[in-house]
2 protein chains.
Amino acid sequence: MATGRNHRPATRSRGIPEATVARLPLYLRALTALSERSVPTVSSEELAAAAGVNSAKLRKDFSYLGSYGTRGVGYDVEYLVYQISRELGLTQDWPVVIVGIGNLGAALANYGGFASRGFRVAALIDADPAMAGKPVAGMPVQHADELEKIISDNGVSIGVIATPAGAAQQVCERLVAAGVTSILNFAPTVLSVPDGVDVRKVDLSIELQILAFHEQRKAGEEADAEAASRKGPDGDMPAVMPA
Amino acid sequence: MATGRNHRPATRSRGIPEATVARLPLYLRALTALSERSVPTVSSEELAAAAGVNSAKLRKDFSYLGSYGTRGVGYDVEYLVYQISRELGLTQDWPVVIVGIGNLGAALANYGGFASRGFRVAALIDADPAMAGKPVAGMPVQHADELEKIISDNGVSIGVIATPAGAAQQVCERLVAAGVTSILNFAPTVLSVPDGVDVRKVDLSIELQILAFHEQRKAGEEADAEAASRKGPDGDMPAVMPA
DNA sequence: ATGTCTTTGTGAACGCGTGCACAAAGATAG
DNA sequence: CTATCTTTGTGCACGCGTTCACAAAGACAT
């Protein structure tokens with residue numbers, strides 16, 4: 001049992017750096033938009049601007065995939081869309097299960113971007129018997145008892161956990177035992193998984209706290225600059241100061 | 001990953017590395033759990049395990065905050081909770097607005113972790129007039145016309161964008177113009193913001209695509225391993241190497 | 001007081017990611 | 001065909017983050 005396997009497998013996946021992989025979806029989205037506007041080619045400078053990254057970085061990223069550009073011209077949009085899609089494995093169908101159909105789970109089930117590209121919601125699963133059979137996003141919720149069967153029957157390898165924190169680890173273990181090897185975790189918990197299983201975490205609370213940190217820093221710098229006169233009644237005096 | 005803050009200027013946050021800041025909420029969560037179990041002290045090894053990180057990394061992270069540990073003993077849980085909370089700016093109240101009350105926006109409004117620690121949902125805003133006045137999470141949705149007034153009246157500096165992609169940039173600009181300096185973006189778009197504004201992005205679709213990449217790689221390796229074992233004992237010979 | 005034991009705090013080495021700057025490659029015009 | 005212009009692909013250097021390994025610091029027992 002490995003402790004929270006959040007760090008990368010350390011092995012560069014087929015020579016493609018993790019940082020590059022994380023940007024490929026970004027490029028793909030920008031390219032898809034260009035494709036819909038029937039733009040035939042795009043330069044690294046233009047595409048980088050659309051994706052919000054540095055053009056040198058983009059070119060280096062693409063160089064890991066191969067030499068798909070034409071010097072003096074740029075990149076063929078359609079060809080690049082295909083190459084990135086293939087590299088990301090989006091040319092095949094990925095059945096996905098969502099476990100925990102509360103507010104968030106339901107929102108995820110309704111999320112359009114889910115079905116759009118290669119991903120298909122194979123089932124919605126909840127532990128509450130009262131939810132069973134209830135339609136969410138045009139699909140009946142199934143009871144957690146069926147979890148193993150659903151995963152096996154549909155060949156699901158990607159699971160989304162949207163349960164309360166307390167249930168997440170247990171759900172995770174059942175998913176893994178049933179054959180899931182990639183998990184997207186929305187529950188605010190560190191998941192322990194065996195080697196070979198990938199976990200990605202989406203944590204609203206953490207993102208907000210990081211923003212708060214920077215916000216506080218900005219406020220502090222402002223106050224220092226302005227000699228601090230008009231700040232709200234709640235300063236940050238220590239209310240609790242344990243020894 | 002935030003596109004608006006990719007090239008972070010020289011504003012290195014008071015000497016605390018960004019990577020460390022991103023982990024502080026993780027430590028805080030683990031410490032809060034210990035605190036609730038009335039555990040008085042914790043070693044770096046134990047806490048690191050609970051947070052799913054390396055213990056040396058944790059100690060180095062804490063060293064940026066100061067010397068809050070006692071050699072031979074560990075860290076005082078309550079004291080550390082306070083120090084990290086203060087460092088993250090969670091000892092003060094952060095009013096937050098959520099713009100775009102669709103499935104996701106409603107889920108966020110109902111999310112408990114929101115209110116739990118310093119963050120308070122000041123208003124729910126939507127552009128659809130039919131939504132106005134409708135209660136979501138015990139709070140009436142307000143029309144987008146009121147956006148500037150709401151932000152100004154409540155001193156909101158953090159905004160959450162949960163609108164469709166097409167509306168995100170425009171909403172973002174209005175938020176920034178009204179005084180918001182930190183944005184959490186759930187819309188699948190690259191946001192352009194002026195310097196001094198922090199953007200963090202949460203993108204379900206990107207996370208799934210990254211998982212798909214690794215999933216595909218796993219499947220490929222399996223196939224390679226099979227092929228290799230079928231061929232002969234020496235496993236690491238020329239895999240697929242396109243010219 | 002002294003020695004032993006535990007655990008922190010950190011110097012140093014290393015590896016990854018980023019961005020600059022430029023040569024190579026191809027398009028295009030004359 | 002040659003010259004020029006555009007844009008890619010990448011060698012290189014630099015800085016950040018991670019990890020190791022250990023000395024310093026304090027607790028605790030005798």
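Numbered from 1 within each chain, the chains take letters A, B, ... in sequence-line order. Hydrogens, waters and symmetry mates play no part in the numbers below; they use all other heavy atoms, side chains included.
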Under 3.5 Å, is there a donor on one side chain and an acceptor on the other for Gln83(B) and Glu87(B)? no
Write down the distance between CG (Leu80(A)) and P (dT8(D)), rounded to a whole number of angstrom. 11 Å
Within the pair Asn54(B) and dG17(D), is there a side-chain N or O less than 4.0 Å away from OP1 or OP2? no
Look at Tyr64(B) and dC16(D) and indicate whether a side-chain polar atom (N or O) is within less than 4.0 Å of OP1 or OP2. no
How long is the line joining CD of Glu46(A) and C1' of dT6(D), in whole Å? 12 Å
So which nucleotide from dG9(D), dT10(C), dG17(D) ends up closest to the side chain of Arg59(A)? dG9(D)
Short side-chain N/O contact from Lys57(A) to OP1 or OP2 of dT18(C), under 4.0 Å: yes
Measuring from the side chain of Glu18(A) (C-beta onward, heavy atoms only), which nucleotide among dG17(C), dG19(C), dA23(C) has the closest atom? dG17(C)
So does Ser44(A) get a side-chain nitrogen or oxygen closer than 4.0 Å to the phosphate oxygens (OP1/OP2) of dT8(D)? yes
Rounded to the nearest angstrom, tell me the gap between atom CD1 in Ile16(B) and atom P in dG17(D). 12 Å
In whole Å, what is the span from the CZ atom of Phe62(A) to the P atom of dT8(D)? 10 Å
From C-beta outward on Lys60(A), which listed nucleotide comes closest to its side chain: dC12(D), dA12(C), dG26(D)? dC12(D)
Is the closest side-chain heavy-atom distance between Ser205(A) and Tyr111(B) below 4.5 Å? yes
Side-chain donor/acceptor of Glu45(B) to backbone N/O of Ser55(B), under 3.5 Å: no
Please determine, for the side chain of Pro17(B), which listed nucleotide (dA27(C), dT10(D), dG17(D)) has the closest atom? dG17(D)
Tell me if the centroids of the rings in Tyr68(B) and Tyr79(B) come within less than 6.0 Å of each other. yes
Under 3.5 Å, is there any donor-acceptor pair linking the side chain of Arg71(B) to the base of dT8(C)? yes
For dT18(D), take OP1 and OP2 only and decide whether either is under 4.0 Å from a side-chain N or O of Arg23(B). yes
Students often get this wrong, so: under 4.0 angstrom with heavy atoms, is Tyr75(B) touching a base, only sugar-phosphate, or nothing? sugar-phosphate
Measure the distance from CG on Asp61(A) to P on dG19(C) and round it to the nearest whole Å. 11 Å
Examine distances only and state if a side-chain atom of Thr32(B) and a backbone atom of Leu28(B) form a donor-acceptor pair shorter than 3.5 Å. yes
Length of the line joining Glu45(A):CD and dG19(C):C1', which is rounded to integer Å: 13 Å
Both Ala56(A) and Thr70(A) contact DNA chain C. Taking the nearest nucleotide for each, which residue is further toward the 5' end? Ala56(A)
